Amino acid sequence: MPAARIHRALSELPAADWDALHDGRNPFITHAFLSGLESTGCLRADWGWTPCHLGLWEGEALIAAAPGYLKANSHGEFVFDHAWAHAYARHGLDYYPKWLCAVPYSPVTGPRLLARDADARRLLPAAIAGFAGHGGLSSAHVNFHDEVDDAAFDADAEGAGWLLREDLQYHWRNEAGWRDFDDFLAAMDHKHRKNIRQERRKVREAGIVLRVVHGDEASADDLTAMHGFYLATFADYGNSPALTLAFLQHLARAMPRQLVLILAERDGAPIAGALCLRGGDTLYGRYWGASERHPGLHFEACYYQGIDYCLREGLRQFEPGAQGEHKIARGFLPVRVRSRHWIADPRFADALRGWCAEERAAVASQQQALRRHAPFRTEAA
């Protein structure tokens, strides 16, 4: 049997070995992205993030791995389990620390169980549960995993009982083969098409020009401006910003064509920006901020420019971030995202199993109801 080892920093693992376990289409699970978070000060133990990656080894060969973290809280995860932690506390038990397999601060679906083949991938759920159980942790969690990982959880030979949770996000998908933005708008009903055109026109009339640059095209001033917008957004909401300017600079160097900045300028000066990452066929919108407020600017920078980019570049999907029913009117439809959870205490596991089933049913019902508000003409949907 392969040996399971815990790695306290991704730098302990050669980038080539790690990246050989995935197809490279999702930028968030690359060695460059994850190790960059660690090396540029974005992950701190006092913020609840301690790297704790799990690898499966056959001799000197890494055959499977999961990006993992010991968590002292549930911040920055986007799969909300605060009620679970409170239930533990009411029974005099400690929910933290727990183990989390995820991309920090990034609610984007992608591979989480990285492996050279399906057989190696199927070993990971039991290995994760074994590590958490032997370590006395309350639980292990795998957030925003993709469909490929489902088979490994469902085939868990150890019967660890991974609970399934689902939630909704809003994604744009070019399943109709739209060629450009006008083609996309033509599929909408008159009301929504008119509203989008009005929002875009207001931005132009304000004298705002949008500029899209990749990491290798971004100047030092571009990166500094984008980081300033990111800081401003977190200040507006009273939250602590985790990403450093050094991390953005690292992405521009290490992932030059995957980093995409959408910068809004007025009178030649940047006034807003959106930070995105590009995958194999998907654009991922991550952060936005502005120093000036203008009608329609948020929608233009965060949604319409991203759709335009996807149509130009031949990308089939745009994920602009978590939450936001207002995205439906702009062509982003509700899709289900998933996470898995292993609970050490069988009493809590049994109670949460029924709770998760009820939650999934509610999410499915909500998705069906929301899709009735899609902005597309019936014959174009």
Side-chain angles (χ1 to χ4, degrees), residues 27-28 33 42 78 103 105-108 169-174 181 184 196 199-200 202-204 206-237 239 241-245 247-252 255-266 268-279 282-313 315 317-324 326-332:
F28 295 93
F33 186 92
C42 301
F78 298 92
V103 178
Y105 316 119
S106 300
V108 297
Q169 289 185 356
Y170 302 89
H171 298 171
W172 177 89
R173 290 176 175 170
N174 189 5
F181 203 90
F184 161 62
I196 290 174
E199 287 172 345
R200 303 199 82 182
K202 289 177 181 178
V203 173
R204 292 194 301 270
I208 298 170
V209 177
L210 279 294
R211 182 164 59 93
V212 180
V213 295
H214 295 93
D216 55 353
E217 301 161 336
S219 68
D221 288 343
D222 290 337
L223 295 172
T224 299
M226 184 64 243
H227 190 252
F229 298 138
Y230 163 77
L231 295 179
T233 294
F234 275 72
D236 287 344
Y237 288 94
N239 295 327
L243 302 188
T244 62
L245 177 58
F247 179 64
L248 267 62
Q249 295 166 337
H250 163 79
L251 291 181
M255 306 172 67
R257 302 303 294 179
Q258 291 172 295
L259 177 63
V260 181
L261 301 182
I262 298 169
L263 297 170
E265 298 176 340
R266 192 172 66 84
I271 62 168
L275 186 154
C276 305
L277 280 151
R278 174 177 177 163
T282 304
L283 182 68
Y284 303 90
R286 295 307 309 120
Y287 298 102
W288 134 273
S291 58
E292 296 182 8
R293 304 297 177 186
H294 295 273
L297 180 55
H298 172 259
F299 301 135
E300 180 66 33
C302 294
Y303 305 149
Y304 304 144
Q305 285 292 317
I307 292 173
D308 245 337
Y309 179 90
C310 289
L311 291 165
R312 284 198 310 273
E313 298 289 319
L315 303 183
Q317 182 161 296
F318 179 24
E319 299 184 17
Q323 303 172 343
H326 63 278
K327 296 171 184 171
I328 296 175
R330 293 161 180 88
F332 297 84

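These numbers were taken from a predicted model, which means no experiment stands behind them.
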In chain order, what residues pass the side chain to side chain donor-acceptor pair (under 3.5 Å) check against [X], with sequence neighbours excluded?
X	result
H227	none
E199	Y304, R330
Q258	none
E292	R266, H294

Qualifying side-chain hydrogen bond (donor to acceptor under 3.5 Å, both in side chains) pairs, either residue in residues 206-217, two or more places apart: R211-D222, R211-E265, H214-E217, H214-R257, H214-Y309, D216-R257, E217-R257
Does the side chain of L275 reach to within under 4.5 Å of the side chain of L248, using non-hydrogen atoms? yes
Side-chain touch L223/L259, heavy atoms, less than 4.5 angstrom: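 L223 vs L259: side chains touch.
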For F78, which residues count as a ring-ring contact (aromatic ring centres under 6.0 Å, His included) partner, sequence neighbours excluded?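 For F78, no residue satisfies ring-ring contact (aromatic ring centres under 6.0 Å, His included) once neighbours in sequence are set aside.
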Could I get the full list of ring-ring contact (aromatic ring centres under 6.0 Å, His included) partners for Y284, not counting sequence neighbours? F28
Using side-chain contact (heavy atoms from CB on, under 4.5 Å) as the criterion, list what pairs up with C276, not counting sequence neighbours.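 Result, side-chain contact (heavy atoms from CB on, under 4.5 Å) vs C276: V260, I262, L283.
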In chain order, what residues pass the side-chain contact (heavy atoms from CB on, under 4.5 Å) check against A264, with sequence neighbours excluded?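 side-chain contact (heavy atoms from CB on, under 4.5 Å) list for A264, sorted by chain: I208, L210, I271, A272, L297.
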Anything under 30° is parallel, anything over 60° is perpendicular, the rest tilted; go ahead and classify H298 against W288. perpendicular
Can you classify the ring geometry of H326 versus F299 as parallel (below 30°), tilted (30 to 60°) or perpendicular (above 60°)?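 H326 and F299: tilted rings.
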Check salt bridge (Lys or Arg N to Asp or Glu O under 4.0 Å) between E300 and all other residues, then give those that pass, not counting sequence neighbours.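 Salt bridge (Lys or Arg N to Asp or Glu O under 4.0 Å) list for E300, sorted by chain: R200.
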Residues passing the salt bridge (Lys or Arg N to Asp or Glu O under 4.0 Å) test with D236, sequence neighbours excluded, are R293
Do F332 and F318 have ring centres separated by under 6.0 Å?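 Between F318 and F332, which both carry aromatic rings, the centre distance is below 6.0 Å.
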